[in-house]
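Down below is the structure, laid out as structure tokens.
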Amino acid sequence: MLQLSDIRNNTEELKKRLAKRSEDFADKLDSVIALDDARKEAQHRLNELQSDMNSKSKSIGDLYKEGKTKEAESIKNETTKLKESIKEIDSSLSKTEEEIRDLLVTIPNAPHESVPKGNTDQDNEIIKKSGEPREINNAVPHWDLADKYKLFDLDLGSKLTGAGFPVYLEKGAKLQRALINWFLDSAIEAGYTEVIPPLLVNGETAFATGQLPDKEGQMYEMKEDPFYLIPTAEVPITNLYRDRILVEEDFPVKMVGYTPCFRREAGSYGKDVRGLNRVHQFDKVEIVQIQHPDKSYATLDEMVSYVEGLVSKLGLTYRIARLCSGDLGFTSALTYDMEVYSVAQEKWLEVSSISNFEAFQSNRLKLRYKNRDKKNILAHTLNGSAIALPRIVAALLENNQTDQGIIIPEVLQPYTGFKTIS
RNA sequence: GGAGAGUUGGCAGAGUGGUCGAAUGCGGCGGUCUUGAAAACCGUUGUACCGUGAGGUACCGGGGGUUCGAAUCCCUCACUCUCCGCCA
């Protein structure tokens, strides 16, 4: 969430940046400031009363020790009222703090100045295209190729679980492992440290990276325990650094992790859900960085090029989009999407989303660093898919189909152990 | 799942109702000494909020309670450890 101090000090700038979002948040910012004024006043009064109480308590103790029981009793009587006032102000202060928080959690991150104003993905700005898509006559969509070569089976998955839980088979299963391993090895080579986090997280963790309360209902929730299945490795990996105070020398923190991801995708049925286009469980390798605020945008560019390198080595046709304000996630200040072209479906599939959250997550994570003046400053967090598997698989199958079978990209061959699927 | 013991500052570890934001040791930072370093010695060393400032307030796993006063007593939850049970 946005920093209170920022809202107070840079009110107009934040209003301007937030105005790009579909909803107007100017009033909310003003309300936050007004509530914060009330909070300060209450805080001040409370402190005074507490101070009074502390000194009274101290003298009661002293008086008893000196045997002056009567005097002690008389001061004790005075504290009764004081105690009530403290309780009263304390609870009203808590209420105000809660109101501030309730308001703050509904305000999204302020879009970066380069974010184009817009409503839907139609308004995203294509900043790079890798060339013209290859043309294949009578291209077969990946779900039919999967049947033909026994690569994955959605019906089987729906028997075991429900719609959107693919079962990967034979070379399809091997291809998953190959991609995961190649993605991981590439990231490690690029300086990322591998982690394997839990797949279930508690509410505090989900709150800190912004999934709660914004995406409540999009995560699978456990029945017996207050845990959520992770929708992305971003959640547990970024939270590794919750409540940490770093030193500048720690930057950049670079982590990579492979996890399955679970998404309910409530409300998105019907469209674009065939085959692997949108499933409830999928595999993803995620890269996360924690960076100095001055360097986070350079890091974002670096991460985009890194992901671009991956799709490029896979030989896929891709384009990079700068998300417009309407398509920008709640927690992000600037997001680039990597999209690959799917020949049979004749459309672009989003395979990676790379975002700079600035201090939005750090504020909830309480992730800071000590600067040279020994002040604690919120760090910036970033992450990106590197990469999500299903749509990469979809594009690979469709784009690489030939009469002789499906050609496996060279970089993957050491991992698959086969060169074609036939 | 059952029984028991714990959770204190960066770490280790005292503290069982008032003088405790918290002894002591280690580590970190600054200094003295030294050609340099080590050792020794001296000083300093948590986070957040309120206040222009002096200063004040809160925090000893989380939440609640008892009390004039709680790190210390009670309740509750989470976590850690030991033993038993079950199990990959």
Side-chain angles (χ1 to χ4, degrees), chain A residues 1-9 32-104 196-208 212 221-228 236 239-251 253 260 290 359 362-379:
Chain A
M1 62 197 157
L2 295 173
Q3 288 179 80
L4 203 46
S5 59
D6 247 11
I7 292 177
R8 295 198 74 105
N9 300 331
V32 167
I33 292 173
L35 280 167
D36 191 46
D37 286 338
R39 190 201 107 246
K40 282 188 181 194
E41 207 183 304
Q43 174 80 249
H44 190 65
R45 278 218 54 206
L46 180 66
N47 286 172
E48 278 178 349
L49 295 180
Q50 282 171 329
S51 177
D52 193 13
M53 187 63 141
N54 285 344
S55 64
K56 281 198 165 67
S57 295
K58 200 165 273 179
S59 42
I60 289 170
D62 292 342
L63 288 169
Y64 270 126
K65 233 172 249 171
E66 293 164 27
K68 298 176 179 168
T69 319
K70 250 189 197 140
E71 287 92 326
E73 296 291 335
S74 116
I75 298 182
K76 220 192 240 190
N77 288 336
E78 290 174 33
T79 60
T80 318
K81 241 175 83 186
L82 239 186
K83 217 176 159 184
E84 271 169 33
S85 313
I86 287 177
K87 212 169 178 179
E88 205 174 290
I89 294 180
D90 194 25
S91 78
S92 102
L93 177 64
S94 306
K95 220 181 111 200
T96 307
E97 282 171 342
E98 205 176 307
E99 284 177 64
I100 292 173
R101 205 189 103 116
D102 286 351
L103 211 47
L104 276 179
I196 301 181
L199 269 29
L200 261 54
V201 295
N202 59 33
E204 209 181 335
T205 299
F207 171 78
L212 289 179
E221 206 174 334
M222 297 295 113
K223 192 179 171 199
E224 306 291 349
D225 296 295
F227 301 148
Y228 300 87
N239 268 277
L240 256 19
Y241 278 78
R242 191 171 74 212
D243 292 319
R244 288 278 305 266
I245 301 178
L246 304 173
V247 292
E248 295 200 21
E249 290 71 39
D250 293 329
F251 294 131
V253 175
I290 300 166
S362 296
N363 194 207
R364 294 191 186 188
L365 291 158
K366 295 193 174 59
L367 166 53
R368 295 98 94 207
Y369 70 96
K370 218 172 256 304
N371 73 3
R372 294 195 173 81
D373 299 329
K374 295 191 173 169
K375 271 187 70 179
N376 294 328
I377 315 276
L378 293 176

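Just so we're on the same page: letters track the sequence lines, and every chain starts at 1. These numbers come from a predicted model, not from an experiment.
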Legend entry - Counter-base of B:G4, judged by Watson-Crick or G-U geometry with both distances under 3.5 Å: B:C81

What's touching nucleotides 45-47 of chain B from the protein side, N or O pairs under 3.5 Å?
residue, atom, partner, partner atom, Å
B:U47, OP1, A:Lys370, NZ, 2.6
B:U47, OP1, A:Asn376, ND2, 3.4
B:U47, O3', A:Arg368, NH2, 2.9

Inset, instruction - Write down the distance between CD1 (A:Ile100) and C1' (B:A48), rounded to a whole number of angstrom. - result: 15 Å

Legend entry - First encountered from the 5' end of RNA chain B, between A:Gln43 and A:Leu46: A:Gln43

Inset, instruction - Quickly work out the A:Asp37 CG to B:G51 C1' distance and round it to whole Å. - result: 15 Å

Legend entry - Residues A:Glu71, A:Tyr64; criterion side-chain contact (heavy atoms from CB on, under 4.5 Å); working and verdict: CA-CA 9 Å; A:Glu71 287 92 326; A:Tyr64 270 126; over 6 Å; no

Legend entry - Minimum heavy-atom distance A:Asn376-A:Lys370, with the two atoms named: OD1-NZ, 3.2 Å

Inset, instruction - Write down the distance separating the P atoms in B:A39 and B:C29, rounded off to the nearest Å. - result: 12 Å

Legend entry - Heavy-atom check, side chain of A:Arg39 versus side chain of A:Leu4, under 4.5 Å: yes

Legend entry - B:A58 versus B:C20 - spacing of their P atoms, nearest Å: 15 Å

Legend entry - Gap between atoms NZ and P, on A:Lys65 and B:G69 respectively (whole Å): 17 Å

Legend entry - P atoms of B:G61 and B:C11, separation to the nearest Å: 13 Å

Legend entry - Nearest heavy-atom neighbours spanning A:Ser362 and A:Ala379: OG-O, 2.5 Å

Inset, instruction - Would you mind pulling out the nucleotide paired to B:C20, Watson-Crick or G-U wobble, both distances under 3.5 Å? - result: none

Legend entry - Any strand: nucleotide that pairs with B:C87 via Watson-Crick or wobble, under 3.5 Å: none

Legend entry - Whole-Å distance separating the NE2 atom of A:His44 from the C1' atom of B:C49: 13 Å

Inset, instruction - For B:A70 and B:C75, measure between their C1' atoms and round to the nearest Å. - result: 15 Å

Inset, instruction - Begin with the C-alpha distance, continue with both residues' side-chain angles, and end with the deciding distance and a verdict on side-chain contact (heavy atoms from CB on, under 4.5 Å) for A:Leu200 and A:Tyr228. - result: CA-CA 5 Å; A:Leu200 261 54; A:Tyr228 300 87; over 6 Å; no

Legend entry - Separation of atom CD in A:Glu97 from atom C1' in B:A48, rounded to whole Å: 11 Å

Protein-nucleotides 58-68 of chain B N/O pairs closer than 3.5 Å?
residue, atom, partner, partner atom, Å
B:C68, O2', A:Ser57, OG, 3.3

Legend entry - Euclidean distance for P, B:U32 against B:A37 (whole angstrom): 11 Å

Inset, instruction - Using modelled atom types only, decide if a donor and an acceptor are shared between the side chain of A:Asn202 and the backbone of A:Glu204 within a distance under 3.5 Å. - result: yes

Inset, instruction - Under a 3.5 Å limit for both distances, which nucleotide forms a Watson-Crick or G-U wobble pair with B:A38, could you say? - result: none

Inset, instruction - Determine the interatomic distance between C1' on B:A38 and the same-named atom on B:C33; round to the nearest Å. - result: 12 Å

Legend entry - Criterion side-chain contact (heavy atoms from CB on, under 4.5 Å) on A:Asp102 and A:Glu99, from CA distance to verdict: CA-CA 5 Å; A:Asp102 286 351; A:Glu99 284 177 64; 5.7 Å; no

Inset, instruction - With the side chain counted from C-beta on, respond yes when A:Leu199 and A:Pro260 share a heavy-atom pair under 4.5 Å apart, and no when they do not. - result: yes

Legend entry - Whole angstrom value for the distance that separates P of B:C50 from CD1 of A:Ile89: 16 Å

Inset, instruction - Say whether, by atom type as modelled, one donor and one acceptor occur between the side chain of A:Ser51 and the main chain of A:Asn47 under 3.5 angstrom. - result: no

Inset, instruction - Answer yes when A:Asp62 and A:Lys58 have at least one side-chain N-carboxylate O distance shorter than 4.0 Å, and no when they do not. - result: no

Inset, instruction - Could you tell me the separation between the CD atom of A:Glu224 and the P atom of B:A78, rounded to a whole number of Å? - result: 13 Å

Legend entry - Over-ring placement of A:Arg101 relative to A:Phe207, 6.0 Å and 45° cut-offs: yes

Legend entry - Assigned partner base of B:U72, Watson-Crick or wobble definition, under 3.5 Å: none

Inset, instruction - Write down the partner of B:C29 under the Watson-Crick or G-U wobble criteria, each distance required to be under 3.5 Å. - result: B:G43

Legend entry - Side-chain heavy atoms of A:Leu365 within contact of A:Asp243, under 4.5 Å: no

Atom pairs, protein N/O to nucleotides 8-11 of chain B N/O, distance under 3.5 Å:
none

Inset, instruction - Could you tell me whether the side chain of A:Tyr369 reaches within less than 4.5 Å of the side chain of A:Asp250, counting heavy atoms only? - result: no

Legend entry - Euclidean distance for C1', B:G21 against B:G9 (whole angstrom): 9 Å

Legend entry - Carboxylate-amine/guanidinium contact A:Asp90 A:Lys83, below 4.0 Å: no

Inset, instruction - Report the base-pairing partner of B:U66 (Watson-Crick or G-U wobble, both distances below 3.5 angstrom), or none. - result: none

Legend entry - Identity of whatever pairs with B:U52 - Watson-Crick or G-U, under 3.5 angstrom: none

Inset, instruction - Could you check how far CG of A:Asn202 sits from P of B:C77, rounded to whole Å? - result: 17 Å

Inset, instruction - For B:G6 and B:A71, measure between their C1' atoms and round to the nearest Å. - result: 15 Å

